[in-house]
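Basis for what follows: all heavy atoms, side chains included, without hydrogens, waters or symmetry-related copies. To find a chain, count down the sequence lines: A is the first, B the second, and so on, and within it residues start at 1.
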Amino acid sequence: GNSVTQMEGPVTLSEEAFLTINCTYTATGYPSLFWYVQYPGEGLQLLLKATKADDKGSNKGFEATYRKETTSFHLEKGSVQVSDSAVYFCALKKGGSEKLVFGKGTKLTVNP
Amino acid sequence: GAVVSQHPSWVICKSGTSVKIECRSLDFQATTMFWYRQFPKQSLMLMATSNEGSKATYEQGVEKDKFLINHASLTLSTLTVTSAHPEDSSFYICSAYADRVDGADTQYFGPGTRLTVL
């Protein structure tokens with residue numbers, strides 16, 4: 001079946017540090033891949049997405065590249081801010097379906 | 001744009017009672033809404049897909065008679081947890097699928113409802 005595995009948290013960084021949150025997936029065919037972010041007290045928001053191999057999604061300084069050969073979609077940011085503190089979810093969606101399959105989420109805390 | 005609300009944000013009830021959770025798309029119409037359940041330190045698990053004007057489609061292992069879903073309008077879906085028991089305590093999240101809102105197909109999520117059954 002389809003599944004998403006992301007690194008367990010929590011992750012604690014200092015402001016301006018480099019961030020990587022690993023995400024790998026198992027799926028048949030060619031899924032679309034997503035990163036969602038959940039700020040405290042709010043609903044999940046789409047952060048970025050990629051729909052085919054080698055696509056790079058980017059938003060708010062975050063980037064992730066769809067790597068079919070390694071079935072990965074790692075999230076990166078060069079310099080994190082305190083306001084980036086949130087829970088980050090990696091997810092996939094199979095073509096022809098609107099159903100999302102989520103990873104367990106990674107909590108990020110950025111200290112000033 | 002594309003805001004989804006849930007009500008209530010948290011609820012505490014006695015075992016054996018029923019609880020209704022509302023999910024509303026505030027500024028767009030959603031033909032499809034999804035209901036998820038999230039346990040602590042676990043991923044979101046899809047419970048059911050709710051389509052306006054038709055019966056919900058439940059995921060394998062989800063009890064249809066326990067979790068009643070109604071999608072009576074293009075902006076409202078409700079989840080009723082019937083005869084709730086402590087094991088139903090969880091965080092319930094809804095999302096609304098927006099076709100081409102903001103130029104992209106995507107799901108917009110509500111903030112979630114924390115249910116505690118005593």
Which side-chain N or O atoms in residues 104-112 of chain A pair as donor and acceptor under 3.5 Å with protein atoms at least two apart or in another chain?
unit_1 : atom_1 : unit_2 : atom_2 : d
A/T106 : OG1    : A/Q6   : NE2    : 2.9
A/T106 : OG1    : A/M7   : O      : 2.6

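- Heavy atoms closer than 4.5 Å to chain A are found in both the backbone and the side chain of B/L44.
- Comparing B/S5, B/G110, B/G112 by heavy-atom pairs within less than 4.5 Å of chain A, the highest count is held by B/G110.
- Of the residues considered (A/V87, A/L44, A/V101), A/L44 shows the highest number of contacts with chain B, using heavy-atom pairs under 4.5 Å.
- When heavy atoms are compared at a cutoff of 4.5 Å, B/F39 does not approach chain A at all.
- A salt bridge links B/D88 with B/K66: the distance from a Lys NZ or Arg NE/NH1/NH2 to an Asp or Glu carboxylate oxygen falls below 4.0 Å.
- Only the side chain of B/Q38 comes within contact range of chain A, with heavy atoms under 4.5 Å apart.
- A salt bridge does not link A/K77 to A/E63: none of the charged nitrogens lies less than 4.0 Å from a carboxylate oxygen.
- The aromatic rings of A/Y25 and A/Y66 sit perpendicular, their planes meeting at an angle over 60°, well past the 30° parallel limit.
- Residues A/F102 and B/Y36 place their aromatic rings such that the two centres sit under 6.0 Å apart.
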